[in-house]
Amino acid sequence: MTEWTHLRRTEAASAQIGRMAEAVRGRDGATPVPTCPGWDLRELVEHTGAIHRWAAAMVRDAARRRYDRAAMDLGFPEDFAGHADWLEAGAVQLVEALKGRDPDDEVWNWTGDRGARFWSRRQLHETVVHRADAEIALGIAPEVDEDVAADGVAEFFDLLPHTRWRAQIAELRGDGETISWRTETGGAWLVRLTPEGFTYERSDAPAVTADVTVRAETTGELMLTLWGRREPGAAEGDAALLDWWRERAKI
């Protein structure tokens, strides 16, 4: 797999936004989005494009504080027919801002690493997940490139401890219990619950024994499972442990 860099993630985010725009172009904005209960396609696209513009503004300004997204003029089109173009226009703003920053430049975010590199990675996977939401709503089976999905799985585990607005995240502790997440395409990760929290590692060894093992056909399917967009496939072992994890491990 190729090394992920700030520039590569920026370009991948742009490509994902383009794929999402093409998926929703010419569609009905009132289409319900089952993976985002209560939202329709218009709300999903507006949320995603707003996040792109919000992140772009903070990166462009090297903001040291969180901008109030609700106070921004986001320019939502009145007619959903214009939303695909609006989404693509946000990609231009985002790419320009990210490429204008060194990956080490300080920009606000909610984790301990304040480098601009956080935002290229976050916007890549934010868009992957919401593109999948749109495609599922439209009856399209979402596909995620293996390399992108592997980075998305790792980002999910990296972000989870910093999701302080969800009180249940603090409950992800234990006494050494393990959850193995494995794919038929080769990717595998091992989560271990400790009294201090959880740890994870890339663990491709086929003989890893865990309290529960979750299997997915592809890394893309595993990524969408972790983000709550798919139900787990085949699972072996402690089903109660898996249910307990899934109830708490949400972003």
Side-chain angles (χ1 to χ4, degrees), residues 1-21 48-49 51-56 58-60 62-63 87-88 90-133 135 142-163 180-191 198-205 216-230 249 251:
M1 292 186 181
T2 310
E3 178 186 1
W4 281 104
T5 64
H6 176 62
L7 177 60
R8 185 178 174 220
R9 287 187 175 113
T10 297
E11 292 173 343
S14 178
Q16 290 293 327
I17 298 170
R19 288 176 67 177
M20 183 173 179
T48 308
I51 292 287
H52 296 154
R53 287 162 168 78
W54 173 70
M58 290 190 293
V59 172
R60 181 195 64 222
L87 198 60
E88 290 177 325
V92 174
Q93 296 178 30
L94 180 64
V95 168
E96 183 178 273
L98 289 168
K99 287 187 174 180
R101 285 285 159 212
D102 184 273
D104 293 324
D105 286 349
E106 183 176 344
V107 182
W108 175 87
N109 69 67
W110 59 91
T111 73
D113 179 3
R114 294 296 176 92
R117 72 177 72 82
F118 168 90
W119 286 107
S120 55
R121 192 185 201 195
R122 180 79 290 275
Q123 293 314 294
L124 167 57
H125 300 305
E126 175 89 10
T127 309
V128 168
V129 171
H130 288 321
R131 171 178 65 81
D133 288 327
E135 291 174 341
E143 296 182 0
V144 186
D145 296 342
E146 285 289 299
D147 211 7
V148 170
D151 190 54
V153 169
E155 195 225 20
F156 177 84
F157 290 133
D158 288 340
L159 278 182
L160 203 53
H162 301 285
T163 313
S180 177
W181 306 88
R182 308 191 66 81
T183 73
E184 298 300 325
T185 48
W189 289 261
L190 183 68
V191 167
F198 77 90
T199 63
Y200 83 94
E201 61 181 307
R202 187 76 184 251
S203 178
D204 297 330
E217 288 191 13
T218 67
T219 309
E221 289 189 7
L222 176 59
M223 178 185 174
L224 295 179
T225 297
L226 288 167
W227 280 97
R229 268 56 184 187
R230 286 189 180 278
I251 298 177

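In this structure, L98 CG and E11 CD are separated by 11.0 Å, a value rounded to the nearest 0.5 Å. Of the inter-residue distances, the one linking H125 atom NE2 with S120 atom OG reads 9.0 Å to the nearest 0.5 angstrom. Atom NE2 in H52 sits 11.0 Å away from atom CD in Q93 (nearest 0.5 Å). Remark: L222 CG to T185 OG1 distance equals 8.5 Å, nearest 0.5 Å. A distance of 8.5 Å separates CD of E135 from CD of E143, quoted to the nearest 0.5 Å. One distance of note links CD of E96 with OG1 of T10; it measures 12.5 Å at 0.5 Å rounding.
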Query - Worked verdict on T219 versus W181 for side chain to side chain contact (heavy atoms under 4.5 Å, CB included) - result: CA-CA 10 Å; T219 309; W181 306 88; over 6 Å; no
Report task. Take F118 and W110 through the ring-ring contact (aromatic ring centres under 6.0 Å, His included) test and state the conclusion after the steps. Result -> CA-CA 10 Å; F118 168 90; W110 59 91; 5.1 Å; yes
Report task. Give the intermediate values and the outcome of side chain to side chain contact (heavy atoms under 4.5 Å, CB included) for residues V128 and M20. Result -> CA-CA 8 Å; V128 168; M20 183 173 179; over 6 Å; no
Report task. In sequence, state the C-alpha distance, the side-chain angles, and the governing distance for D151 and R121, and then conclude on side chain to side chain contact (heavy atoms under 4.5 Å, CB included). Result -> CA-CA 9 Å; D151 190 54; R121 192 185 201 195; 3.2 Å; yes
Query raised in the report: Passes side chain to side chain contact (heavy atoms under 4.5 Å, CB included), R229 versus H130? Steps please.
Result: CA-CA 10 Å; R229 268 56 184 187; H130 288 321; 3.8 Å; yes
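Taking all atoms of both residues into account, the shortest heavy-atom contact from R182 to A188 is NH1-CB, 3.5 Å. Across every non-hydrogen atom of D102 and A116, the tightest pair is O-CB, 3.6 Å. Nearest heavy atoms, V144 versus G220: CB-CA, 3.9 Å. Annotation for Y200 and A154: closest pair OH-O, 3.5 Å, computed over non-hydrogen atoms. For the residue pair A56 and A97, the shortest heavy atom distance occurs at O-CB, 3.4 Å. Contact record, W227 with G152: NE1-O, 4.1 Å, taken as the closest heavy-atom pair.
Proximity of a side-chain donor or acceptor of E146 to a complementary backbone N or O of T218 within less than 3.5 Å is not detected. A donor-acceptor contact shorter than 3.5 Å links the side chain of R114 to the backbone of N109. Here the side chain of R101 pairs a donor or acceptor atom with the backbone of V59 at under 3.5 angstrom. The backbone N or O of W108 lies less than 3.5 Å from a partner atom in the side chain of W119, making a donor-acceptor pair. In this structure, R131 contributes its side chain and I17 its backbone to no donor-acceptor pair below 3.5 Å.
Ionic pairing of D147 and R8 is present here: one or more N-O contacts between side-chain nitrogen and carboxylate oxygen are shorter than 4.0 angstrom.
The number of heavy-atom neighbours closer than 6.0 Å to CD of E106, taken from other residues, nucleotides and ligands shown, is above 12.
Residues R122 and L159 form a side-chain contact, since some pair of their non-hydrogen atoms from C-beta on lies under 4.5 Å apart.
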